[in-house]
Asks: 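This is the structure I want to talk about, given as structure tokens.
Protein chains get the first letters and strands the later ones, always in sequence-line order, with residue 1 at the start of each.
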There are 2 protein chains.
Amino acid sequence: MKALKIPEATITRLSVYSRFLEAIDKKGIVTISSGEIAEGTGVSPAQVRKDLAYFGEFGTRGVGYNVKDLLKHTLKILGLTNRWSVVVVGAGNLGSALVSYRGFRQRGFDIVGVFDNDLTKIGKKLLDLEVLGTEEIPRVVKEHNVKMGVITAPASAAQDVANILVKSGVKAILNFAPTVLNVPDHVHVRNIDLSTKLEILTFHLGMENEGY
Amino acid sequence: MKALKIPEATITRLSVYSRFLEAIDKKGIVTISSGEIAEGTGVSPAQVRKDLAYFGEFGTRGVGYNVKDLLKHTLKILGLTNRWSVVVVGAGNLGSALVSYRGFRQRGFDIVGVFDNDLTKIGKKLLDLEVLGTEEIPRVVKEHNVKMGVITAPASAAQDVANILVKSGVKAILNFAPTVLNVPDHVHVRNIDLSTKLEILTFHLGMENEGY
DNA sequence: TAGATTGTTAATCGATTAACAATC
DNA sequence: TAGATTGTTAATCGATTAACAATC
């Protein structure tokens, strides 16, 4: 209920801390300090404490944080204490890769549908999922109470896909198409643009040679 | 040569502007204003002008920007006026998808090598590329003057892969493994963490239900 | 000239860092 | 108690926005 605005970077880091804590916990380590978390995740100790402080007091002064405890809290904050059903729209190479990606399942995401409007792809099996036509999206979204959709369709189709997803009741979209989506305010969208990330690197490489 | 620090977000947006301008240019539109660019890319007009102003004066007061001209400038800034050879390490689903991804080639990236240390993957063909053992990385990097590497190996192997890439002379790494890489200061690293992006969305969805 | 839009400065906003009192 | 580390406040740093003079 707090009206406190939390920086997006804080949430991103929380995800990183969470994964780091999982690894630490697996090693059997019980207690960890903000300095050690910082060391392991490449941020500053003050940053770690500040990020956590948005959500509560999870540590013990003079001691540090209980690993299992803090891990649970970070997962709770990220909304990962229950599983999420996800649909993927676009069964090309990237879409297929995501459906097969074990990392998602491990963090609580269940891909319950893959869709395409390319007839040569419909009916294909990806793991245990059959690629369905996009007209099936509303049914699957309703049946599995899907809140999240991933768009791996080409840029030219992305907006149409987004419209279908929104109309079906999806509340959050992860968009891999290099295009800006128009959605209602209540729908969350994040873009992952693979080329853009490479271009940040070429920018820096180019700068070193020529300078700007 | 300017010592001016440019925000990473500016570079990301420049990449978005650049792609938007390509689309606008294809429509045959000659002139565009900061307001129209802003409208098309989801930022503020002041932001657009500020971002561009880091690099020069590309517009004409009272008129706007010449589309072709500005497109050229943004490509130049991003280092996309010549092509980049890239290697991909990790020939799993994601690696395979990236090799086949046409978006890279279109923006000036040529994937010249795919590597894995899994014997069942070595020798497989991805498009016209044969998957090679990781011991071949140094040779290919040198032969093609590769400056950029993409890591799509599992987290457990990512640091080893990074070491090999750095030793081979790679200067920039795009890392898909959910782990923090240790590399020398002169090597640029960016992470793309697919789960983290989903977790930002679940965070927001969770917040709406329970509040934080 | 009048209208439009840039480039740039100053004001605002927000995020990170430093420092330290609280406390185990 | 002495040493350590958190939680939090204040200071700093950086990025975005608003406003407007310059100028086409």
Side-chain angles (χ1 to χ4, degrees), chain A residues 2-17 20-21 24 29-74 77 200 203-204 212, chain B residues 2-17 20-21 24 29-74 77 200 203-204 212:
Chain A
K2 263 180 274 175
L4 187 50
K5 176 86 171 37
I6 292 146
E8 177 116 345
T10 288
I11 308 166
T12 303
R13 286 189 299 262
L14 237 26
S15 169
V16 175
Y17 304 156
F20 175 70
L21 290 168
I24 290 296
I29 294 167
V30 176
T31 304
I32 196 165
S33 69
S34 60
E36 291 165 320
I37 296 172
E39 172 75 21
T41 57
V43 305
S44 72
Q47 186 70 269
V48 172
R49 296 201 299 277
K50 190 76 207 258
D51 285 338
L52 296 172
Y54 282 109
F55 302 98
E57 306 192 1
F58 306 128
T60 309
R61 291 168 197 233
V63 177
Y65 302 88
N66 177 280
V67 174
K68 270 190 205 307
D69 204 52
L70 186 57
L71 173 56
K72 254 182 233 161
H73 281 296
T74 55
I77 292 163
I200 288 171
F203 167 80
H204 286 291
Y212 243 114
Chain B
K2 262 180 274 173
L4 188 51
K5 176 87 170 36
I6 292 145
E8 178 114 345
T10 288
I11 307 167
T12 303
R13 286 189 298 260
L14 237 24
S15 169
V16 175
Y17 303 156
F20 175 68
L21 290 169
I24 290 296
I29 295 167
V30 175
T31 301
I32 196 165
S33 69
S34 59
E36 291 164 320
I37 297 173
E39 173 75 22
T41 59
V43 305
S44 73
Q47 187 69 270
V48 172
R49 295 200 300 277
K50 189 76 207 258
D51 286 337
L52 295 173
Y54 282 110
F55 301 99
E57 307 192 359
F58 305 127
T60 306
R61 291 168 198 232
V63 178
Y65 302 88
N66 178 281
V67 173
K68 271 190 205 304
D69 204 52
L70 187 57
L71 173 56
K72 256 183 229 159
H73 281 296
T74 55
I77 292 163
I200 289 172
F203 167 80
H204 286 291
Y212 243 115

Asks: For Val63(A), what residues pass the side-chain contact (heavy atoms from CB on, under 4.5 Å) criterion, not counting sequence neighbours?
Replies: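 Per chain and number, Val63(A) pairs via side-chain contact (heavy atoms from CB on, under 4.5 Å) with Thr31(A), Thr60(A).
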Asks: Determine whether Ile77(A) and Tyr54(A) satisfy the following criterion, side-chain contact (heavy atoms from CB on, under 4.5 Å), listing intermediate values before the conclusion.
Replies: CA-CA 10 Å; Ile77(A) 292 163; Tyr54(A) 282 109; over 6 Å; no
Asks: Quick one: salt bridge (Lys or Arg N to Asp or Glu O under 4.0 Å) partners of Glu8(A), sequence neighbours excluded?
Replies: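 Salt bridge (Lys or Arg N to Asp or Glu O under 4.0 Å) check on Glu8(A) returns Arg190(A).
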Asks: Using the closest heavy atom to pick a nucleotide of DNA chain C for each, name whichever of Gly59(B) or Thr10(A) lands nearer the 5' end.
Replies: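 In this pair, the answer is Gly59(B).
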Asks: Using a 3.5 Å limit on both pairing distances, list the dot-bracket string of DNA chain D from the 5' end; Watson-Crick and G-U wobble pairs count, crossing pairs take [ ], interstrand pairs take |.
Replies: ..||||||||||||||||||||||
Asks: Check the pair Val30(B) / Val67(B) against side-chain contact (heavy atoms from CB on, under 4.5 Å), numbers first and verdict last.
Replies: CA-CA 5 Å; Val30(B) 175; Val67(B) 173; 5.8 Å; no
Asks: Is the number of heavy atoms from other residues, nucleotides or ligands under 6.0 Å of Glu39(B) CD greater than 12?
Replies: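 Open.
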Asks: Could you walk me through whether Phe58(B) and Thr74(B) pass side-chain contact (heavy atoms from CB on, under 4.5 Å), step by step?
Replies: CA-CA 10 Å; Phe58(B) 305 127; Thr74(B) 55; over 6 Å; no
Asks: Of all heavy-atom pairs between Leu21(B) and Ile32(B), which one has the smallest distance, and what is that distance?
Replies: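 Reported closest heavy-atom pair: CD2-CG2, 4.2 Å.
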Asks: With a 4.0 Å heavy-atom cut-off, tell me which residues in residues 37-52 of chain A come close to DNA chain D, sorted by residue number.
Replies: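 The stretch gives Arg49(A), Lys50(A) as the residues lying under 4.0 Å from the strand, ordered by number.
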Asks: Write down the atom of Ser44(A), the atom of Ala38(A), and the distance for their closest heavy-atom approach.
Replies: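 For Ser44(A) and Ala38(A), the tightest heavy-atom pair comes out as C-CB, 3.6 Å.
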Asks: Which of residues 60-70 of chain A sit near DNA chain C, with a heavy atom under 4.0 Å from it?
Replies: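 Residues of residues 60-70 of chain A that come under 4.0 Å of DNA chain C are, in numerical order, Thr60(A), Arg61(A), Gly62(A).
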Asks: If the condition is side-chain contact (heavy atoms from CB on, under 4.5 Å), which residues does Thr41(A) pass it with, not counting sequence neighbours?
Replies: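 So Thr41(A) forms a side-chain contact (heavy atoms from CB on, under 4.5 Å) with Val16(A), Tyr17(A), Phe20(A), Ile37(A), Val43(A).
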Asks: What is the first contacted nucleotide of DNA chain C and what is the last, in 5' to 3' order, if contact means an atom lying under 4.0 angstrom from a heavy atom of chain B?
Replies: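 Endpoints of the contacted stretch of DNA chain C: dA4(C) to dT9(C).
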Asks: When rounded to the nearest 0.5 angstrom, what distance separates OH in Tyr65(B) from OG in Ser34(B)?
Replies: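 Between atom OH of Tyr65(B) and atom OG of Ser34(B) there are 5.5 Å.
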Asks: Kindly state each residue pair satisfying salt bridge (Lys or Arg N to Asp or Glu O under 4.0 Å) with at least one member in residues 46-71 of chain B, sequence neighbours excluded.
Replies: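 Every salt bridge (Lys or Arg N to Asp or Glu O under 4.0 Å) pair that includes a residue of residues 46-71 of chain B, provided the two are not neighbours, is Arg13(B)-Asp51(B), Asp25(B)-Lys68(B).
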Asks: Supply the atom-to-atom distance Lys72(A) NZ to Asn66(A) CG, rounded to the nearest 0.5 angstrom.
Replies: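 Nearest 0.5 Å value for the NZ-CG distance: 8.5 Å.
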